[in-house]
Every structure is written in structure tokens, then in C-alpha cells.
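In what follows, a structure is listed as C-alpha cells, so that the remarks can point back to it.
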Amino acid sequence: MVAPQSSTSSTSSAKTSGSARSTSKSKCTDKTLPRVFAVALHDVDNNKYQDSRNAGISWYVFFSVLLASLSAVNIGWTCGVLNIGKSSICDFEGTDAGGSDFPERILFTTNTWMLAIGVMAVGGFLGALLSGWISDNMGRRNTLVINNCLFMAGSVLLGTATTSVHFILGRFVSGVGCGIASAVVCMYVGEIAPIRRRGFFGAFFQLAVVLGIMGAQVASMFLTGHPEWRILVAIPGAISLIQVMFLPFRVESPVYLIKTHQVNEARHALLKLRRGYDVSAEWQDCIDALDEARETIPTAIRQPTKNSSKHADGCEVNESEATIKDAHTGGCKDTQVHKASLWRTVRGMTKDDLRHLFIACVSLMALQQLSGINGIIFYSNSIFLGLFDNAQPIIARWACVGVTASAVPAVLLCMVCFTGMVVASVLIFVGMFFGKGLIVVVMLYIYYFLFNLGVGTIPWLYLAELVPGYALGGVMAMACAVNWLFSFAVGFVFPMVQWYLAQYQFLLFAGFSLIGVVFVMLFAPESGNKSVMEVVAKHRGPMHIVTRRRDSGARMF
């Protein structure tokens, strides 16, 4: 693009006018690129503007991530609202008097209540499968905005439920919204965050989920009567209204806009996200994440200008509507955009063989749930009631809130580790075996803390750091679908595990956590402070053991 000129520009800049361009080197291609400045009225005749890949935390990005993370708050609220609120909602004995349009409590059996808890994850599985296709066609931001319709519909169904079927349907609809949001929030945040701050902004998703769970549990302590519990389950609809009001005023993901050939819009979005920085190299990194041949990219994308230009063969190109062109025909023939389907990604038939990265992402999502964390989220109240005597429910409820609150500092630290979860699981078993309730409580706190310190947070932000934009939608959809599938399995099976294994139940989860330790050490790539294409270049191909190096920015589980 033509560098913006001000009235104070130097004489040399004025002479060259629109044809002169500063240059920089692309980190991935080592080609000379036009410089693009995120400034409007400055003299750009010097190098005082830093590379946007080294950008820090800006208020615009911060509030964009914050608004997107409201969907994650809804996920947490929907997951945690039934843990403590069970006694206010359920009538297992049919003692509630009828004759009211909205009964004080809803008649459930034990099995239908388990279904009401688990069906949310079934909806999440379906929503996650659809999320890639929807976000690739509608955009990341727009998908989040429209997805609020599902949260609001689910809230209305839950708040007005009169039967167990009505209530279960509301949970399912809310679950579909949760599944879509779980994938798209991570994609959107990963694509708008600066490279060196992806870890910080990526942790917002898990932090928002934890705050949603904790908020639901605290609210459940007070909204216990009728119709208070109906307000409790309908709160995600109110949160969705806030997002609908403000998120449309934030920019769309530049990666998505480039992927759909909306180059002018992509440039505008990137400049707004990185105001005050030179975005030339980051722009090229975004281009390199597409599925076109690498060698055509430096000459194929024309930086948008106000005027058209002609190639040597006389073919006119309107640079204000820049698109991807075929370098071998002088840039005048449109190149077929080769979309990377999920099936081609799994088979390693994309431009970059992503099989190792795909398996690493999906496996981490599965291991996250197999650690048994949903057993704590859904059933910690019943665990504590068994420890403290059913006559002291208030202690059990506050213990649940305390377990969830322990996750907040963990997400903020967000560094380590699967290994500590193995130790904590074993100590929980020891406490249960010997009837030491205090040990169990303390170890559950530590277990949940360690989960959110590493495996609870990192897989969600990890995917956007490993997978290039052309395949991100499909891979994220499959990884999140697997996460929700195992979430359903653990949530539905956990009561039976409690019944059959009793105090040995956490030894099972300790085993899965140990498998996670081995998997991470052998197969999980390091992504800290690297562009996506740098990670892809190092780890393309089938599954292989990752060479460990002590990189300062490496993520550790």
C-alpha cells in the first residue's frame, strides 16, 4: 500500500509520492514486502514503528477479547448451575403440589436428572461439529453474535420449564450454543491477539468459564426458592444481550477476512488491532497461513491502494479490490482456492501435512476431560455431602464454591501441570480410603487448581497457535467435539464410577493424568513466541516424538 503522507512529510517522501514504498523482510519467506503502517498522520520516513508481532496489550484488543469471552462465561454458568441448585429444581418424590402454570419444582427421576446434566454435553458435541463450517462461512465475530440466539432460547426454555422434558430440551439448546462458542471464541481470540500475548489473551477463555461456574454456584446459594431458581437458569440470556449490544462494533478476525479474500477489510481490521505498529510482517504471516503455494504469495497479494495499475502484458488490476492471483500468469488469472477439508487434514493431504498437529490437539482435548474434572464440576456437592454428613449441606456448598474459586489464581498463572494432578488424585484416594475428609478437601482444591493451571487452560489457546488459518475451523471443530463427547461420557458415567469404585475412583483419573504426562512430554509441540507457520514447518508430517529444547517461551503442562 502507499504509505500515508502528512503535511510534515520529508521532501524525499514527497518526491516519490505514491510509488515509493519502504520495505521489510517476511519472517517466513525472507522476501521483500511493502511496509504497512498502523498510523494515519505521521511521517513514516523512519523506522521508529515497531514490528506488530512484538505488540503488547492494547485496550482495543483487550476489550474485544473481553466481549468475546462473555460466551465462555455462559458456558461456565451452564455447566455449574445444576451442581448446587439441584435441590431447588428437582422433585424426586412427587411431593410438589400441582395446579400452577409454573410448579415450584420439577418432577425428575434419578436417571432423567442425570440425562438433564449430560444432555448439555451432547448439545455441545453437536455445536462443536457445526462450529467450523459456520465460522468459516459467517465469520468468527458474526458467529458469536448470532450464537447468542441459542443461549437466549435455552434460557427461555429453562426459565419457563414445567416438565423434565421441557427442562432437558432447554439444556440441549444451551449445550449447542456452548459447543459453538467453545470453538469460535478460541479461534477469534487466537486470531486477533498479538503473537507474544496469545497466552495471556488465550487464558481469558478458561478464566471466563471458571468465573461462570463460580458465579453460578454462588448465585445458587441464594436463589434457592421459587421463582428464584428460574431466574438462576435464565441468566445466560441476559449475558448474551450484553454481547449482542457491543461485540458487533469490534473488528472481524483479519485471518478470516484474508481467507475469504476481503483484503481491504482485513487490512483495516489489522491496522485497528495494531494501532501504532508496522504490520507488514504480520500481514505476510497471515497470508502464509493460507493454503496457496508459498512461492506465489509475495507477488500475488497486492496491497490495496486507491488506484488501479496495469501489468506488463496490459492486464488491468484494480488494487483497491485485491485478490489472490496466479503468479505464473502475471497476476491476471484467479487461482482456485483449495479448501482444506477435515478429511484431507486427517489424511495429511493439505499443503502442510498437519497429521501430527491434528492428533496432538485432539488428544489433549480428550485427555483434558479424562482427567475427571467434570466429575468435580458436576458432582462435587454430592462428594462433599458424603464427607461432611448430609445434615450439613451448607458446608458442602461453600466447599464447592471454594474449589471453583481455587481455579482463578491458577488460570492467571497458567503454567504447570499434569504431573501434579497425578499426585493430587492419588492423595484424594488415600484420604477417601482412610476416611480423612480434610485431606480429600485440600487435595480437591489442589487438583482443581492444577487442572486450571495447565491442562484446563492451555488446550483451548493451543490450537490457534499450532494450526494454520486454512485448516483451523475444521480442526478446532473436531477437537472441541471430542472434548464435549468425553465431557458427556465422564459426566454421565461418574455416578456409576462413584458407586462401583467408591474411594478408588480417583485412581482411575490418576491413570489418565499419567497418560497425559507421557503424551505431552513425547508429542506436544512447543509454540511459545512462534508464528503458526514456524510451528507447522517444524512439526509437519505423521506422528513423531517431539525434540525438546529449553525455549524461553515454551508452554509447559
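Just so you know, these numbers come straight off a predicted model, no measurement behind them. What's counted below: heavy atoms across the whole structure, side chains too, no hydrogens, waters or symmetry copies.
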Open item on the list: If you apply the rule side chain to side chain contact (heavy atoms under 4.5 Å, CB included), what do you find for E465 with V535, and how did you get there?
Closed with: CA-CA 8 Å; E465 298 182 359; V535 177; 6.0 Å; no
Keeping the roles fixed (side chain from [X], backbone from [Y]), state whether a donor-acceptor pair exists under 3.5 Å.
| X | Y | result |
| --- | --- | --- |
| T260 | L257 | yes |
| N137 | W133 | yes |
| D353 | R355 | yes |
| R274 | R53 | no |
| S135 | G132 | yes |
| S513 | F509 | yes |
| H544 | P542 | yes |
| S58 | V61 | yes |

Nearest-0.5 Å distance, [atom1] of residue [X] to [atom2] of residue [Y]:
| X | Y | atom1 | atom2 | result |
| --- | --- | --- | --- | --- |
| L67 | L144 | CG | CG | 10.5 Å |
| I180 | F151 | CD1 | CZ | 8.5 Å |
| S253 | N142 | OG | CG | 11.0 Å |
| H539 | F523 | NE2 | CZ | 13.0 Å |
| I359 | L364 | CD1 | CG | 12.0 Å |
| S52 | R196 | OG | CZ | 11.5 Å |

- [ ] Assess whether side chain to side chain donor-acceptor pair (under 3.5 Å) is satisfied between S280 and D278, documenting all intermediate values.
- [x] CA-CA 6 Å; S280 307; D278 173 9; 2.7 Å; yes
TODO: Would you kindly check if the NZ (Lys) or CZ (Arg) of R250 is within the cone defined by 45 degrees around the ring axis of Y60 and under 6.0 Å from the six-membered ring centre?
DONE: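 Geometry flag: set, cation within 6.0 Å and 45°.
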Any non-hydrogen side-chain atom of [X] less than 4.5 Å from a side-chain atom of [Y]?
| X | Y | answer |
| --- | --- | --- |
| V475 | M478 | no |
| L271 | V279 | yes |
| R141 | Y256 | no |
| S220 | L232 | yes |
| Q217 | V81 | no |
| Q243 | V145 | no |
| D285 | M533 | no |
| V263 | W283 | yes |

Task: L522 vs V546, side chain to side chain contact (heavy atoms under 4.5 Å, CB included): CA-CA, chis, key distance, verdict - done: CA-CA 6 Å; L522 293 180; V546 173; over 6 Å; no
TODO: Just do the side chain to side chain contact (heavy atoms under 4.5 Å, CB included) check on F200 and I57 with the steps written out, would you?
DONE: CA-CA 9 Å; F200 172 79; I57 300 171; 3.6 Å; yes
TODO: Could you tell me whether F205 and Y188 have their ring centroids closer than 6.0 angstrom?
DONE: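 Centroid separation for F205 and Y188: 6.0 Å or greater.
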TODO: If a pair satisfies salt bridge (charged side-chain N to carboxylate O under 4.0 Å, His left out) and one of its residues is in residues 509-525, list it, with sequence neighbours excluded.
DONE: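 Residue pairs passing salt bridge (charged side-chain N to carboxylate O under 4.0 Å, His left out), neighbours aside: none found.
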- [ ] Would you check if there is a donor-acceptor pair between the side chains of Y470 and D352 at a distance under 3.5 Å?
- [x] yes
Task: side chain to side chain contact (heavy atoms under 4.5 Å, CB included) between S64 and I192, worked out - done: CA-CA 9 Å; S64 297; I192 69 171; 3.8 Å; yes
Contact summary for [X] and [Y], nearest pair of heavy atoms:
| X | Y | value |
| --- | --- | --- |
| T350 | T345 | CG2-OG1, 3.8 Å |
| M152 | V244 | CE-CG2, 4.4 Å |
| A477 | A128 | CB-O, 3.1 Å |
| W77 | I235 | CZ2-CD1, 3.4 Å |
| I239 | L70 | CG2-O, 3.8 Å |
| L367 | G516 | CD1-CA, 3.8 Å |

- [ ] List the steps, then state whether ring-ring contact (aromatic ring centres under 6.0 Å, His included) holds for F488 with W484.
- [x] CA-CA 6 Å; F488 170 76; W484 283 105; over 10 Å; no
- [ ] Answer yes or no: is there an ion pair linking E191 with R140, defined by an N-O contact shorter than 4.0 Å?
- [x] yes
Open item on the list: Tell me whether the rings of F201 and F204 are parallel (<30°), tilted (30 to 60°) or perpendicular (>60°).
Closed with: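 Tilted: the ring planes of F201 and F204 meet at 30° to 60°.
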